[in-house]
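In what follows, chains are A, B, ... by sequence order, proteins preceding strands, each numbered from 1.
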Amino acid sequence: MRLLNRSAGRLSRHRRSRLAGLVLLLIGLLTTGGITYAVMPSSSAGDAQSNAVQVEEGRKLFLQGCSFCHGQNGEGITTINGDNYGPSLVGVGAAAVHFQVETGRMPLVQPGVQGQAKPETYSAEEVEQLAAYVASLGPGPARPDEAEWTTAGLTEEEREAAISRGGQIFLTNCTACHNFNGKGGAMPQGGYAPDLSNTEAVHIYEAMLTGPGQMDSFSNGNLSPEEKRDVIAYLYSLRDQPAYGGFSLGGLGPVSEGMFAWLLGIGGLVGFAVWIAAHTTRTKKKKVEA
Amino acid sequence: MAIDTSKVATSNSSAATPAKPGRAGAVATWADERLGLAGMAKKNLRKVFPDHWSFMLGEIALWSFVVLLLSGVFLTLWFTPSMSEIHYEGSYDQMRGIAMSEAMASTLGISFDVRGGLLMRQMHHWAAMLFIASMMIHLLRVFFTGAHRKPRELNWVIGSLLLLLGTLEGFTGYSLPDDLLSGTGVRAADGFMKSIPVVGSYMSFFLFGGEFPGDSIIPRLYIIHVLLIPGLLLALIAAHMLLLVYHKHTQWPGPGRTEENVVGFPMLPVYAAKAGGFFFIVFGVTALMGGLMQINPIWLYGPYDPSKVTAGSQPDWYMGWPDGALRIMPGWETHLFGNFTIAWNVFLPIIVLPGLMFTILMLLPFLEAWITGDKREHHLLQRPRNAPTRTALMVALMTFYGLLWMAGGNDIIAIKLNSSINTITYMLRFLVFVGPIIAFVITRRWCISLQRHDNEKLLHGYETGIIMRSPEGGYSEKHLPINPSAAYVLSARERDEVYTVEQETDENGIPAPASRAKALRAKLSTLWFADNVQAPTAAEIEAAHHHADHEHELQAALDGHAADGHQFDGHHSVEGDPLRGSDQH
Ligand code: HEM
């Protein structure tokens, strides 16, 4: 037991061999190139113009599907008793839209309840347009791209170090709500921190960046992009990890263990006791008599 | 079916006749001449144990304790009870390079680098859970059947102490790995201690050797866990078993079973074989659980660090109910003299309540005996329904326990049932007071109804399901007498004796006022037995049978005809007895 959490301080110290910098640079260049190709509209229209089109398309979609709660200009709508139908989206950035719409949270079914992950309602292109529109309302975090969380360019050793560092960051910042296993936990007033075992890397990144609902946001000043990458690497390593010691019983800790001890353990043993007590010499006699 | 008791021993007096000793016998004789065990063994190996599944619940506890001893000794070979800090370099990748205590590192070592280590750790932990759970169901069996009554009160007290020590042993055990979850628990325990007014902080400093966490708590918990409490447990278990042998086992009433004898099977060979077999079953179940079900995955918790915490931080189940009390307790505090705080919100639920509950548990036999004024010895068991108030009292206590238990898992319940943790908490604050009362009333009335039903069966027989129509067109269900051994079980119970205050008269013949305690006792005793249904007297049974005979006479005209149809009730052979009318085809 130590008084201070040193892991956070030691984070960026031992990492990166000299080669890694080079590799990283190469990968960075490659991915940026790739992404530019992917994002670039097939027409050769200028960026500014296409962006304006995107925003306009996004505004139309927004008026149809979102303005009911978020207001005609994304300024938010306040109810009589001071709550929000939907909060102001000025400055939440494209990352928030990507996260909220791609995980299916938005459009929300009903104000007042926590948005649930569900199948997404908009196509990738429409999400792009919505995001462009919301981003145009005010400066906010842009959508992160894969280069920011991939560990592909790291050596085996670096990746391992990233994972164990990510584990410590996760335990320091996230487990209080999401549980040690990322299996989720309760929040006040019926809220909950969801199970993270199936969340895509990009959405983990965006969740940290934008802090959906009752979750805090972890801006880049708070958790650097590398630290976010490490968290994601750790969460993915848990998924790949074999179930050491057998079934994880839901991964919820002692409550589920206790339940299994009673139902399976004691239940089974009492069953055996009944069975043994029933198999006496007397049972044989009964059989003879019958 | 009458039980043939001719084949089972009914006393411990006749010794087995020894056969000619073989080579093993010679060794035994050699040992016996020096140790004089044979005399003792002869008597004790012929000890008779009655047979009933509920008598084996205590055995689950005994055998899981043996599993704990075996697996625990294995763990001591690799576990390092030290809080000095090292960097983990074992084979669990996700933790490599992380600073942690040696205790944590060695537990990771047992889990990942010792062959069979994880299995042993998991078996040890599952066995600990089963150990305490089986003690509790054993306790319930004892209480519900009245086996705690004279002369066995002291064994009840020993059992209660075992439960307490087992719980403490479990707590010290799961704190040893110094992982995040258990460290949070130790931190909480530190807070509990500090909530005790005046002496609390001194106690905490004494236990931790200074301010929390210090570096001596793990070594201290270790000695408590592997030496102190196991020693006490062993001694108490030995005392428990010796008293059991001395009192002899209780038994259910039945033909040939009295307060003076024990009907069952002798220790050797029958009972020993069963008990020995049961050991292997308990061992097997524990091994299966240890092999197949993950428990306490410390590699996911990581080392303890006061700046970290995880959702779902719960203690093992047996500490869950005080934790629940703590969770639903409103945040009351008193500030005295400006700088002195009494934290009722911690002190009451976690120090006072468990202490109180444990005292009540230990005193239950004495409380009951005092209220009922019963000073007789009891070796025959009671069915729970035949002591409605006692049964209801325990069900009320169980309800209280269960609700607090729920409160201890309120966050997990909230996410699994999609409900609000606040609602659950408010509801439980109310239910812990009301629930036990409701449970008490329902159980008591339920027992009394069952008693009434038993009496009906005794007096009027069982319901055959055969509806008779009288010539007048009225319908009635035919009842038939139950078989004698069932009747015996139903009628073999004592009549309740309500404690009454004897009016003493002084020399002038004026009744002396009964002492207040006596009057209270008489009142409680009346309430205790109020509304109980007594077993019918011989005269009542006689009268009922007479009545039944009379009815039979009235129906005699139908006898010999297949008219009454009672042969089709499933208790008789109906071969060659055609249904009425079937011969007319
Ligand atoms: C009634 C008896 C006992 C109970 C209820 C009990 C309970 C526990 C529990 C719950 C743990 C935590 C295991 C885990 O890591 O998940 C533990 C650990 C441990 N126990 Fe016991 N135990 C008992 C007896 C013993 C005995 C007799 C020994 C040795 C002589 C022993 C040695 C240990 C050791 C060395 C550990 C730490 C290693 C580890 O956590 O993996 N225990 N005990």
- Going by distance alone, is a donor N or O of one side chain under 3.5 Å from an acceptor N or O of the other, for D113(B) and S91(B)? yes
- Query: Side chains of S219(A) and S217(A): do they bring a donor and an acceptor to under 3.5 Å?
  - Reply: no
[Y] side chain reached by [X] side chain, heavy atoms, under 4.5 Å:
| X | Y | value |
| --- | --- | --- |
| V285(B) | M289(B) | yes |
| W126(B) | F260(A) | yes |
| Y318(B) | M136(B) | no |
| Y234(A) | I169(A) | no |
| I232(A) | T150(A) | no |
| R165(A) | R229(A) | yes |

Which one wins on heavy-atom pair count under 4.5 Å against chain B: [options]?
| options | answer |
| --- | --- |
| L171(A), L249(A), N181(A) | L171(A) |
| G167(A), S237(A), G250(A) | S237(A) |
| A176(A), G253(A), A186(A) | A176(A) |
| L238(A), L252(A), I163(A) | L252(A) |
| H178(A), Q189(A), K183(A) | Q189(A) |
| A193(A), G185(A), C174(A), G184(A) | G185(A) |

- Task: To the nearest 0.5 angstrom, please state how far the CG atom of L108(B) sits from the CD atom of E102(B).
- Result: 13.0 Å
Heavy-atom cut-off 4.5 Å, strictly under: side chain, backbone, both or neither for [X] against chain A?
| X | result |
| --- | --- |
| L288(B) | neither |
| I60(B) | side chain |
| A133(B) | both |
| S419(B) | backbone |
| L57(B) | side chain |

For each of [options], tally heavy-atom pairs with chain A at distances under 4.5 Å, and name the one with the top tally.
| options | value |
| --- | --- |
| Q94(B), Q314(B), M95(B) | Q94(B) |
| D411(B), I424(B), I281(B), N418(B) | I281(B) |
| S420(B), A311(B), A103(B), S111(B) | A311(B) |
| D93(B), L119(B), L118(B) | D93(B) |

Given that the side chain runs from C-beta out, which part of [X] has a heavy atom under 4.5 Å from chain B: side chain, backbone, both or neither?
| X | answer |
| --- | --- |
| F170(A) | neither |
| M187(A) | backbone |
| I266(A) | both |

- Would you say the ring centroid of W405(B) lies under 6.0 angstrom from that of W317(B)? yes
- Message: Is the distance from the ring center of Y244(A) to that of F112(B) below 6.0 Å?
- Response: yes
